[in-house]
Amino acid sequence: MSSLKENLQYFDKILDGTNCKLIAVSKTKPIELLQEAYDLGVRVFGENKVQEMATKYEALPKDIEWHMIGHLQRNKVKYIAPFVSLIHSIDSIRLLQEVDKRAAQNDRVINCLLQIHIAEEESKFGLDEQELQALLTSDEFKSMNNICIKGVMGMATNTDNNEQVRKEFASLRKIFDTMKKDYNGDNLDLQEVSMGMSGDYQIAVEEGSTMIRVGSSIFGARNYS
Ligand SMILES: *Cc1c(COP(=O)(O)O)cnc(C)c1O
């Protein structure tokens, strides 16, 4: 297996000259390993559990950007609201309202991505295009002053069929481009398309990703015990 340093150098190299950033997905990995990545220059980590992210935030240097990439429950937003840099997984107006409220309590604006359902699988979270439109045109959304929508996030179907994955990523990019054309407002600053993981980041970059979320190809396979 290649080392953490080699893996990070590899991603540096393939993203060099692109408009795409690396989110190092460190879920389930111990703090010492994150510190090692930090010492090698990583400043953006992705986590999918609120408690784990809060614990790691407390333990590690404060110039790290913490990205919440997993499904987020409303009753847990308050634990990450003081420090989270970007929430990738907004999938309802009610969740966004809670983020707005907790951001206001912390006297800050929290950057968010809207998670769009692009996969064939039923189980993946996310808004469909109709729900996206309903959210963006709602009065509730327009009155939110403590969130900023930076773009969209999506997960492709977990399949070996690269053409299907490509089609799904292309559809997310198209939704983003249309959104950018059709909507504007003080709480919108559309720049990011978060798509691509260890198994499909190459296709995602080709299809216009601006953030790939990579875990196992950097840190090695995860053990869920
Ligand atoms: C775990 C996870 C990733 C990274 O997965 P790898 O296959 O390990 O790269 C990316 N995005 C989300 C939403 C995840 O939960």
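Both counts, for ligands and for their atoms, begin at 1 and track the order of listing.
Between Gln73 and His71, the side chains place no donor N or O within less than 3.5 Å of an acceptor N or O (distance only, hydrogens not considered). Between the side chains of Asn7 and Ser2, a donor-acceptor pair is found at a separation under 3.5 Å.
Across Arg213, Met68, Gln115, heavy-atom proximity to atom 4 (C) of ligand 1 is greatest for Arg213.
Of the N or O atoms in Ser198, one or more lie within a sub-3.5 Å distance of an N or O in ligand 1. Taking any N or O of Met197, backbone or side chain, none lies under 3.5 Å from an N or O belonging to ligand 1.
Evaluation of the ring-ring contact (aromatic ring centres under 6.0 Å, His included) rule for Tyr38 yields no partner, not counting sequence neighbours. Listed by chain and number, the residues in a side chain to side chain contact (heavy atoms under 4.5 Å, CB included) with Asp200 are Ala156, Val165, Phe169, Met197 (sequence neighbours excluded).
The cationic atom of Lys29 (NZ for Lys, CZ for Arg) does not lie both less than 6.0 Å from the six-membered ring centre of Phe45 and within 45° of the ring axis.
When each atom of ligand 1 is checked for a heavy atom of Gly215 under 4.0 Å away, the hits are 4 (C), 6 (P), 8 (O), 9 (O). Taking every heavy atom of Val214 and a limit of under 4.0 angstrom, the matching atoms of ligand 1 come to 9 (O).
Counting heavy atoms closer than 4.0 Å to ligand 1, residue His88 contributes nothing at all.
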